[in-house]
Amino acid sequence: MGQYVVGRLAQSVVLLIFVSILTFGLIHVAPGGPAVLLAPGMSGAQIAEAQQSLGLNDPIPVQYVRWLGHLMHGDLGKSYSQGLDVTTLITKRLSVTLQLLFTALALSAIFGILIGVVSAMHRNSLIDHLATGFSFFGMSVPTFWLGLMLIILFSIKLHLLPSSGAQTLGQPATVTDRLEHLLMPAVVLAVANLAQIARYTRSSMIEVLQADYLRTARAKGLREQSVVWRHALRNAMIPVITVIALGIPRMVGGAAITESVFAWPGMGQLAVDSALQRDYPTIMGITMMVSVVVILTNFLTDLSYLLIDPRVKLSRG
Amino acid sequence: MSTTGLAQHEQEQGTSRAALTGERTKRPSVLQRFAENRFALVSAIFLIVVIVAAILAPVIAPYDPTRITIGTELQGPSFKHLLGTDPNGRDVFTRILYGARISLSIGVIAMLISVFVGTTLGAVSGYFSGWVDSLAMRLTDAMLAIPVFFLLLAVLASLGPTVPTIVIAIGLTSWMTTARVVRSEVLRAVNLDYVLAAELLGASRARVIVRHLLPQALPSMLVASTLGVAQAILIASALSYLGVGVQPPTASWGNMLSDAQSYIFSEPMLAIWPGLMILFTVLAFNFIGDALRDALSPYQN
């Protein structure tokens, strides 16, 4: 067990190094490199001076190792566009993004599993067909457009929910106010993932429901509720957890889009703004930070298999 | 493993053998089974209409998609402007038609790149086991485990958001499913007798892969490509909406929505049409992909 955990941890570190090389490399293949974009109005001499002081004249591997060194100490450099420490800039926004992300993750997992189980129990019924239709919609609808449509409906037409921000400005933040701001973005971010989870839960449940041990459970006289929710779901969950974990990297990308639609003051919005302004230190920092969160979540997911399924083999790793 | 491969092989040979001996197979053809799925049929018709309209855009479209005209801003739907005009006085219907060209081309070309990369990696990794296989699969796992969308933002920020960059960037970050699927199909087929026979006859490795192994993976590749177009269109439209994709004045469904957002309070209808086009197009590709999967699966029904 200990060996497995250490092995998986090592894998995660390798993965992070891979991401860092990829991010750093991609930024530095840009024609002219990052320095030309410091400020469009600078003269040739100023650019040369700036390049010298930022160490941009050193060979790229040297720059990479220096960047990685700073990274280890939590120093992600200075933002080109805002002049602030990227680390400060990001940490302020990380928790705001995580709020959105985890609410959406919880919504999609809870309702996805619920819808999947109910459709599997009533296969080919009206509920099942509706659920399938909803899944296709969820997988096909552009996140940002769904957000815009909900804003039109709930904010502009019905005046029920606020259209942007994480709280009403100029007011002390109350819990209701925060929840009202959180609801639409969280639902929008959850939909695609929810659809995916519902589909996998359904097919996994259908497979498990045909298993012999469930017939035994029924023959024993257990109530159907207990058979489905306690015996079948536990086994059907294993592939579903994989799907939930696999969905996280995509959900993080979705968060960037959702934050832009709802002006949610998180990291995703900052990433998009930085991309538009070619603020490389910020975008590299965010990519790294987000990758750490995602890879950590994957690591924890793998550990959760140990809890949910005692048969999982720990030989590899 | 080998029995499933055999069954699939026989199923694929079924038609030709039936044709030779003159007997009719009881199993309906793939096309018939596909056509039984009404959603897929409607989707196919819808896509054909959209594709034809996109190709014929210069003929059908009543106006210039990019020229800004003064005095015709933000008009409602009329016979002159079927879907009204945008804040720059341009005809929305015209821009949707031209947007279809960009959005569909990006989707299809990005998919071709991702299928090419995925198939190559998957086939090589399935055929040569050992370190080549582990390396390719670790790379696939890595690409699946990282938030690719941020990488796309970084790439487009540094290389600039031109259409070729967008297409290549999306293609190179979405090949993972294809690689996994192709690898497993190749693994399934690589030990079959006819592959061994080809190897014994002295066929080169490249020939064995291309002529004998990849045809086995073709059905799965077809499904993966159809779903791949849907994904690519979604990602490209999101990037364009965020401003790091297709740049104005070129019309794409995504950047039309980003224009529309500034007017969402006064002109909500502007945001509806491009979004519906994305939704229906992506939905159509997803329905077709799903129906193909069912129709091509030898064990259905």
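Here is the naming used below: chain letters follow the sequence lines, and residue numbers restart at 1 for every chain.
B/L283 approaches A/S140 most closely through the heavy-atom pair CD1-OG, 3.1 Å. In terms of heavy-atom proximity, B/A145 sits nearest to A/N298 at CB-ND2, 3.7 Å. Listed here is the closest heavy atom pair of B/A271 and A/M149: O-CE, 3.6 Å. Smallest separation of non-hydrogen atoms from A/M139 and B/N286: O-ND2, 3.9 Å. In plain terms, the two heavy atoms of B/P147 and A/S291 that are nearest each other are CD-OG, 3.6 Å. The nearest pair of heavy atoms linking B/F150 to A/A271 is CE2-CB, 3.6 Å.
With values rounded to the nearest 0.5 angstrom, B/L153 atom CG is found 9.0 Å from A/I286 atom CD1. Note that OH of B/Y241 is 6.5 Å distant from OG of A/S260, once rounded to the nearest 0.5 Å. For the atom pair CZ (A/F137) and CG (B/L279), the distance works out to 6.0 Å, reported to the nearest 0.5 Å. The CZ atom of A/F144 sits 8.0 Å away from atom OG of B/S240, with the distance rounded to the nearest 0.5 Å.
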| query | After noting the C-alpha distance and the side-chain angles of B/R138 and A/L15, does the key distance pass the side-chain contact (heavy atoms from CB on, under 4.5 Å) rule? | reply | CA-CA 9 Å; B/R138 288 295 84 76; A/L15 205 53; over 6 Å; no

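Counting heavy-atom pairs closer than 4.5 Å to chain A, the top-ranked of the candidates B/P274, B/A230, B/S237, B/G160 is B/S237. Taking chain B as the reference chain and counting heavy-atom pairs below 4.5 Å, the highest number among A/V261, A/I295, A/T143 is found for A/V261. With chain A as partner, the option from B/I264, B/V155, B/V244 having the largest number of non-hydrogen pairs under 4.5 angstrom is B/I264. Interface remark: of the candidates B/W253, B/F265, B/F285, B/F265 forms the most heavy-atom pairs closer than 4.5 Å to chain A. Here A/V252 is the residue among A/V293, A/V252, A/L246 with the most heavy-atom pairs under 4.5 Å with chain B.
No more than 12 heavy atoms of other residues, nucleotides or ligands sit less than 6.0 Å from atom CH2 of B/W273. Open room surrounds CZ on B/F39; 12 or fewer heavy atoms of other groups in view lie less than 6.0 Å from it. When the shell of 6.0 Å around CZ of B/R180 is examined, it contains more than 12 heavy atoms from other residues, nucleotides or ligands.
Using a 4.5 Å cut-off between heavy atoms, A/V14 makes no contact with chain B at all. Of the atoms belonging to A/F18, it is side-chain heavy atoms, and not backbone ones, that fall under 4.5 Å from chain B. Interface residue A/V19: only side-chain heavy atoms are found under 4.5 Å from chain B. Contact annotation for B/F280: neither backbone nor side-chain heavy atoms come within less than 4.5 Å of a heavy atom of chain A. Proximity to chain B (any heavy atom under 4.5 Å) is shown, for A/L148, by both the backbone and the side chain. With a threshold of 4.5 angstrom between heavy atoms, B/I235 does not approach chain A through any atom at all. Contact of B/L276 with chain A is made through backbone and side chain together, with heavy-atom distances under 4.5 Å. When heavy atoms are compared at a cutoff of 4.5 Å, A/T297 does not approach chain B at all.
No donor-acceptor pair under 3.5 Å is formed between the side chain of A/W145 and the backbone N or O of B/L257.
Between B/I146 and the options A/T23, A/L22, A/V290, a side chain to side chain contact (heavy atoms under 4.5 Å, CB included) holds for only A/L22.
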